[in-house]
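Structure record follows, encoded as structure tokens.
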Amino acid sequence: MKFQWFWMYAATLLACYIFVNKVLRNLNDWYYDLKLRKRQYPLPPGDMGWPLIGNLWPFFKYFSSGRRDMFINNIFLRYGRTGIYKTHLYGSPSIIVTTPDMCKKVLTDEETFKMGYPKAFILILAPNRILSEHGRLKRLVAAPIAGHNVSVMYLECIKDIVINKLEELSNMRRPIEFLNEMSKAGKKLDKIVQYIIDERRVKAKNRQIGEKNDLLDILFEIKDKGAEKFEDKDIIDVLVSFLFGGHDSIAASIMWTIMHLTQDPLCLKKAKEEQEEIMKARPSSQKRLSNEEIKNMVYLSQVVDETLRYRSTFSTFREATIDVNINGYFIPKGWKVLVWLSAMHMAPEHYSNPEEYNPSRWDDYNPATGSFLPFGIGRRLCPGRDLARYEMTIFLHYFVLNYRLELINPECPLTSLPFRKPVDNCLAKVIKLSDS
Ligand code: HEM
């Protein structure tokens with residue numbers, strides 16, 4: 001009798017195993033294969049995961065434990081380096097692209113691929129994501145924070161915030177969460193927005209025709225003359241939302257750079273030597289950092305590039321507006337397309353020894369088109385990219401010269417949710433070294 005029970009249990013277990021692994025596990029794949037049976041091209045390799053949840057479980061498993069690259073690396077291992085894969089994430093059937101040519105195509109072909117962040121992603125991971133479709137307003141807001149304008153308009157203001165923030169942090173007796181402090185420093189910029197608005201309004205009234213405009217001048221011009229009517233409040237909202245767009249990314253980028261420098265004495269030494277050279281060459285009449293000096297910070301700009309490569313956001317999201325064929329594979333209309341930026345930035349064919357943080361790799365190195373996209377590309381190219389680089393450079397200048405970071409938990413585990421960071425938010429002490 002006992003023997004019979006044993007076989008019954010074993011048979012039930014086997015049936016469950018077969019049902020779960022061979023039927024339930026493939027249900028999503030069969031469903032989409034059947035639904036798209038009339039397609040002319042095959043779907044890319046990959047798997048659609050479990051019914052309802054798709055591949056969310058492995059995604060959260062790897063991302064919450066800070067091993068986010070394992071998610072995509074497992075896909076490479078299972079399906080080879082085709083550079084295009086099907087999956088199911090955040091409740092949507094999706095395609096992942098990982099090669100420079102395909103990533104570039106998806107990001108620059110705005111007719112075929114529109115902005116497509118899944119609702120669940122925005123709710124959980126990026127509540128401040130700016131998804132506005134108001135192209136004109138965005139272009140207007142973006143103009144003054146791009147290129148040469150950044151250095152002309154914001155140098156003094158950024159310098160003051162950085163100097164005061166570092167002083168404040170080094171005066172704190174207890175360890176601080178460095179990441180959160182960086183984020184607070186960014187928020188200080190918001191508080192001065194109203195002040196700048198008031199000041200600019202006065203200036204705008206007295207401006208000569210043809211005189212250079214900054215952001216607020218332009219917005220006030222529209223407000224006063226244009227068909228689109230804005231209130232002060234609308235203008236502040238637009239500005240603050242732009243500033244929010246950069247808070248976490250700049251704060252995290254500064255934190256990572258300083259952590260890398262702290263953990264790599266050779267990089268820190270090189271960065272520090274460059275800054276000391278700059279200080280030595282400074283005329284005695286000049287008291288503060290100048291734009292000319294910033295342009296000469298060759299190694300520091302490589303440090304910034306290396307952090308942007310090594311710690312970039314994992315993906316941007318698009319949605320196919322029509323059925324489309326890429327490299328012989330079918331992307332159905334309505335599917336999400338994940339442009340997996342970090343896979344490109346960690347691809348050995350573009351970056352030798354990609355797991356190594358090595359700013360010197362940028363010596364005379366021009367990445368192949370589309371293989372370095374920390375700020376995206378195309379119409380959605382990050383409007384804050386110049387400001388971000390600028391803020392990072394100024395912060396690093398003052399930091400490497402005058403301060404050092406003492407990590408409380410150097411081996412602290414990482415998470416990638418909502419974005420990549422140590423779980424203790426980089427608990428550390430900021431130690432002041434000198435006053436130069
Ligand atoms: C290290 C810092 C930063 C990184 C790595 C970064 C990265 C990115 C990336 C990859 C995109 C493209 C998203 C896409 O294609 O879907 C983007 C868009 C955007 N970024 Fe940044 N960003 C940074 C800083 C900033 C700053 C400082 C601002 C604002 C001043 C900003 C404002 C925006 C806005 C408004 C968009 C949306 C553009 C659009 O939809 O047309 N970002 N950013």
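When a ligand or atom number is given, it counts from 1 through the structure's own listing order. Remember, predicted model here, so these are calculated numbers, not experimental data.
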Q: Number the atoms of ligand 1 from 1 as they appear, then name those within less than 4.0 Å of a heavy atom of Thr316, with their elements.
A: 13 (C), 14 (C), 15 (O), 16 (O)
Q: Check each atom of ligand 1 against the heavy atoms of Tyr117 and keep those under 4.0 Å away; list them by number with element.
A: 13 (C), 14 (C), 16 (O)
Q. Counting heavy atoms only, which of Ala251, Cys382, Ser315, Pro383 is nearest atom 25 (C) of ligand 1?
A. Cys382
Q.
Return the OH to OG distance between Tyr365 and Ser360, rounded to the nearest 0.5 Å.
A. 14.5 Å
Q: Check ligand 1 against Gly376 and write out every atom of the ligand that is under 4.0 Å from a heavy-atom position of the residue.
A: 10 (C)
**Q.** Those atoms of ligand 1 less than 4.0 Å from some heavy atom in Ser253
**A.** 1 (C)
(Q) Let me confirm one number: the OG1-CD distance from Thr307 to Gln302, rounded to the nearest 0.5 Å. (A) 12.0 Å
(Q) Less than 4.0 angstrom from a charged side-chain N to a carboxylate O is my criterion; do Arg420 and Asp69 meet it? (A) yes
Q. Should Met115 be listed as contacting ligand 1, given a heavy-atom distance under 4.0 Å as the test?
A. yes
**Q.** Proximal ligand 1 atoms for Arg318, defined as those under 4.0 Å from one of its heavy atoms
**A.** 14 (C), 15 (O), 16 (O)
Q | Within 45° cone and under 6.0 Å: Arg309 NZ/CZ vs Phe372 ring | A | no
Q) Can you tell me if Arg389 has a non-hydrogen atom under 4.0 Å from ligand 1? A) no
Q) Which residue, Lys114, Met115, Lys333, forms the side-chain contact (heavy atoms from CB on, under 4.5 Å) with Glu319? A) Lys114
Q) Does any N/O atom on Arg380 come nearer than 3.5 Å to any N/O atom on ligand 1? A) yes
(Q) Tell me if the NZ atom of Lys104 is crowded by more than 12 foreign heavy atoms within 6.0 Å. (A) no
Q | Tyr85 and Phe76 aromatic ring geometry - parallel, tilted or perpendicular at 30°/60° bounds | A | tilted
Q. Heavy-atom contacts under 4.0 Å between Arg385 and ligand 1: side chain, backbone, both, or neither?
A. neither
